[in-house]
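In the text below, chain A, chain B and the rest are named by the order of the sequence lines, each starting its count at 1.
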Amino acid sequence: MIKIVQSKKPSASMAKDLKRKRENDSPLQAKRLKLMVSRKELPIWSRKDDILGALEKHNILVLSGETGSGKSTQIPQFLLDASWCTKCVAITQPRRVAAISLARRVAEEMGTPLGKSSPASKVGYSVRFDEAIGPSTRIKYLTEGMLLQEMLRDSSFGQYSCVIIDEVHERNLNVDLLLGFLRELVYSKRRKQPLKLVVMSATADVVGISRYLQAGSPEPSSNGDQTTENDEQEWNGFSENERPARTASRVALVHVEGRQYPVTLSYLDKPCDDMAQAALERIFLIHCKEPLPGDILVFLTGQDKIQQLKASVEAFAANLPPKIPPLQVLPLFAALPQSAQQQIFQPAPPRTRKVILATNIAETSVTVPGVRFVIDCGKAKIKHFHPKLNLDSLLIQAISRSSADQRKGRAGREAPGQCYRLYTQNSYNILEQATSPEILRCDLSAAVLTMIARGVKDPFRFPLLTPPNPKSMMKAMLQLLRLETIDSSGAITPVGRKIARLPLPPNLGAVILYAASEASSCLAEVIDIVSCLTVESIYQHIETESAREEALAARGTLTRRSGDHVTLLTTIRAYAAESTDRKAWADAHLLSHRALQNVLAVRKQLRAQCLSAKLLSGKTFPEDTDAGDPLQPVDEDLEARILKCFIRGFVDNVAKLCPNGSYKTLLGNEIVAIHPGSVLFGRKVEMILYNELVFTSKAYARGVSAVRVGWLEEVWP
DNA sequence: GAGCACTGC
């Protein structure tokens, strides 16, 4: 770029600009050259020609490459050199932090500023609430959900030459949907130039994915299915030389070796029935035998198990002989405050070994540094949606082999490591190969609405990589029909189109629309409550009995008798009204500052979307919604209007009090209990409405409010 | 009568 400008003989001011620019750029260039050395050592570096060659001939590439191959950072950069790559490259990530940190890294490798910081930036990212995209951005890292949202706005992806879907092996719901849409788009006549698709997986088992993508081809596929009679028509929009060569529709497969340190494995000889005891013994066997440095990462199922084991490790460590170095035990789970999570990144005190007791969060989301020993209990809590009972179960289950291998790999990131599996070799052998895809385990109403909004005529027949359970599909269709997002022919309604664009599950989206109606007139209040219901818990994590009492007292002024919905409303309004120090205010009330910030971010987004969808008669939300005294009781009539909106969106989630004191769902007559985290816990009211039902030790209703029988009759005459 | 794996728009 500098060369071009110079050849034009720049004027004095341009020369000055150029000098400044060069000075600004030089540290970036120095960094780029330094990083080039390590880039060239990546296993994927020598495969650049193979990969570009494959994409010259084929529109789809399936690339398998294990941890450390460098695929997530290098492939997008390789693609920029291809002649067909005239526009942007999109690359998706399952998590926000990954999207942002990869973009940052690739910007450094290319010697370009990141995102918005400079118009010259070639690399950017886009995640919810945070976007760094410039006019010359060529590589764009985004979360899967963001790309899906972009697709609802521009269904042909006109701004992209190539879309890369990374971490496909995790099989998130949004990835399965994206693959379904992209598979068609690659061969679609709606695009002037073909879209290239790269699908990347960390596991070598990609036969199913490539067969699926192959079957989307208008070419006769190898197994002969999915061949359409409209092959010629498919390419009608193209002139002869724009049409890809007939071979171009085939899927290319490339495998790249990973780069990891070796990890030695050991199993138990016979199954154990006390996992905590087995883990405790193994921790101290490692600690007393193995030299420092080398931290221990233990995979457990949940925070209760983590806290129990933490207590016994600390008790045992207190009685060790003085020549044994001390242990530092650190819990790690998502509900833990950020500051406590950060501790795992701090170096241990000298001569001390860290033991990190973690949930699944350490399997993919958080990389714990310094780990050379992994202890794996072989189990995890897995959520599963049951369409018939309309509840989620959250039960401890055996993990899959790929999950066990992923856990093992966490020991070999910095040096050779060891992995101790607290189960037998035979138990490992009979594990499922891969964790069941999310599409088989979740409520499909949002996914089906997305399909319909994207123009899918019959969601039951839309080809997905794993066909969902027909009962779940039926449940979702009925739910969408009931919420009036689709009509009886299955076509999307104007209301459905609005709901599909909201970043919410359809039932909460419907509640927003009801609240906007003139009869309800409580849109601002409902947006506040919905924002709270969609983020992580706004309450700080409580460990001890005394802390629980303290929390109840601290939050007392915010608690409202009608239940969680109005309590959340009161809380978020009081937080928003706090003008001096919100962090201190949150801490004083034992609330999570981070969660409350997220609530305000969601609220801002929902308010903006409601305004642009003209759901509010006025042009802005009244500035004074946060003014006045937020601790004043909510007017009874307003409270009734709010809860009636929720009843309409959540008819399935109503339960009545029985003579024996338990609650039974109106539809289905199933027993539900109020979750101990609810303000209604321990109370008896004639009828409850809840946000969700999760089966753990029993069916617990969460996000609960008291409602009147009469309201139901009003809402559903 | 006493509890909440993990992401994401």
Side-chain angles (χ1 to χ4, degrees), chain A residues 92-99 126-131 142-153 167 170-175 177-178 299-307 332-336 358-366 377 379-384 392-397 399 403 435 438 441-442 446-447 449-450 453 499-506 508-509 531 534-543 545 548 598 601-602 605-606 609 660-663 671-678 680-684 692-703:
Chain A
T92 67
Q93 291 296 316
R95 283 163 288 277
R96 298 160 47 103
V97 276
S126 171
V127 302
R128 192 182 187 185
F129 308 135
D130 192 6
E131 190 182 77
L142 2 64
T143 44
E144 294 148 0
M146 281 307 269
L147 191 64
L148 208 50
Q149 284 293 119
E150 282 191 3
M151 187 165 246
L152 288 178
R153 274 175 263 127
E167 314 283 6
E170 291 193 23
R171 295 298 307 280
N172 295 337
L173 176 66
N174 284 341
V175 160
L177 292 178
L178 280 171
F299 283 100
L300 298 164
T301 52
Q303 44 177 305
D304 52 340
K305 299 277 163 51
I306 288 173
Q307 275 147 14
L332 177 64
F333 47 89
L336 207 62
T359 59
N360 252 356
I361 192 172
E363 198 177 298
T364 48
S365 309
V366 176
C377 76
K379 294 191 167 12
K381 280 189 188 166
I382 294 173
K383 205 168 198 172
H384 206 292
D392 286 308
S393 62
L394 187 58
L395 301 173
I396 295 174
Q397 284 180 17
I399 58 174
S403 207
T435 311
E438 190 184 5
R441 295 184 289 112
C442 70
L449 183 59
T450 302
I499 292 178
R501 283 172 173 251
L502 292 172
L504 295 171
L508 282 177
S531 303
T534 57
V535 306
E536 77 253 47
S537 169
I538 64 165
Y539 299 108
Q540 268 181 31
H541 167 71
I542 306 281
E543 229 171 294
E545 198 61 42
R548 185 167 304 135
N598 285 336
V602 175
Q605 190 185 29
L606 290 177
Q609 284 186 258
N660 67 5
S662 66
Y663 291 94
I671 292 183
V672 303
I674 296 175
H675 192 276
S678 168
L680 280 191
F681 179 67
R683 295 250 317 275
K684 286 184 176 43
E692 60 175 353
L693 199 57
V694 180
F695 189 96
T696 50
S697 54
K698 57 181 163 186
Y700 280 109
R702 295 165 66 177

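Residue Val127(A) is in sugar-phosphate contact alone, with no base atom involved, counting any heavy-atom pair closer than 4.0 Å across all strands shown. Residue Gly682(A) is in base contact, counting any heavy-atom pair closer than 4.0 Å across all strands shown. Looking at heavy-atom distances under 4.0 Å, Ala380(A) makes no contact with the nucleic acid at all.
At whole-Å resolution of the value, CD1 in Ile399(A) and P in dA5(B) are 16 Å apart. Here dC9(B) presents its P atom at 11 Å from CG of Asn598(A), a figure rounded to the nearest Å. Per the geometry, CG belonging to Asn174(A) stands 9 Å off P belonging to dC9(B), to the nearest Å. Atoms CD (Glu438(A)) and P (dA5(B)) sit 17 Å apart, rounded to a whole Å. Distance Leu394(A) CG to dT7(B) C1': 14 Å, rounded to the nearest Å. Taking atom OH on Tyr700(A) and atom C1' on dA2(B), their separation rounds to 6 Å, with Å as the unit. In this structure, the CG atom of Leu693(A) is 16 Å from the P atom of dG3(B), given to the nearest Å. Residue Arg96(A) contributes atom CZ, which lies 17 Å from atom P of dC6(B) at whole-angstrom precision.
Ranking dC9(B), dG1(B), dA5(B) by closeness to the Gln149(A) side chain, first place goes to dC9(B). Listed nucleotides dC9(B), dC6(B), dG3(B) differ in distance to Arg128(A); the shortest reach to its side chain belongs to dC9(B). Set against dC9(B), dC6(B), dG8(B), the side chain of Arg95(A) has dG8(B) as its closest nucleotide. Of the candidate nucleotides dC6(B), dG8(B), dG3(B), dG3(B) has the atom lying nearest to any side-chain atom of Pro676(A).
Comparing Phe681(A) and Pro505(A) along DNA chain B, the residue whose closest nucleotide (by nearest heavy atom) sits nearer the 5' end is Phe681(A). Ranked by how close their nearest DNA chain B nucleotide is to the 5' end, Leu504(A) and Asn360(A) are led by Asn360(A).
Nearest approach of Tyr663(A) to Lys684(A), heavy atoms of both residues: OH-CA, 3.2 Å.
Contact annotation: Thr143(A) reaches the phosphate of dC9(B) (side-chain N/O to OP1 or OP2, under 4.0 Å). Side-chain N/O atoms of Gln303(A) include one lying less than 4.0 angstrom from OP1 or OP2 on dA5(B).
Partners of Phe129(A) by side-chain contact (heavy atoms from CB on, under 4.5 Å), not counting sequence neighbours, listed by chain and number: Arg96(A), Ala601(A), Val602(A), Gln605(A). By the side chain to side chain donor-acceptor pair (under 3.5 Å) test, Gln307(A) pairs with His541(A), sequence neighbours left out.
Atom CG of residue Asp392(A) and atom NZ of residue Lys383(A) lie 4.5 Å apart, to the nearest 0.5 angstrom. Leu173(A) contributes atom CG, which lies 9.5 Å from atom CD of Glu144(A) (distance to the nearest 0.5 angstrom).
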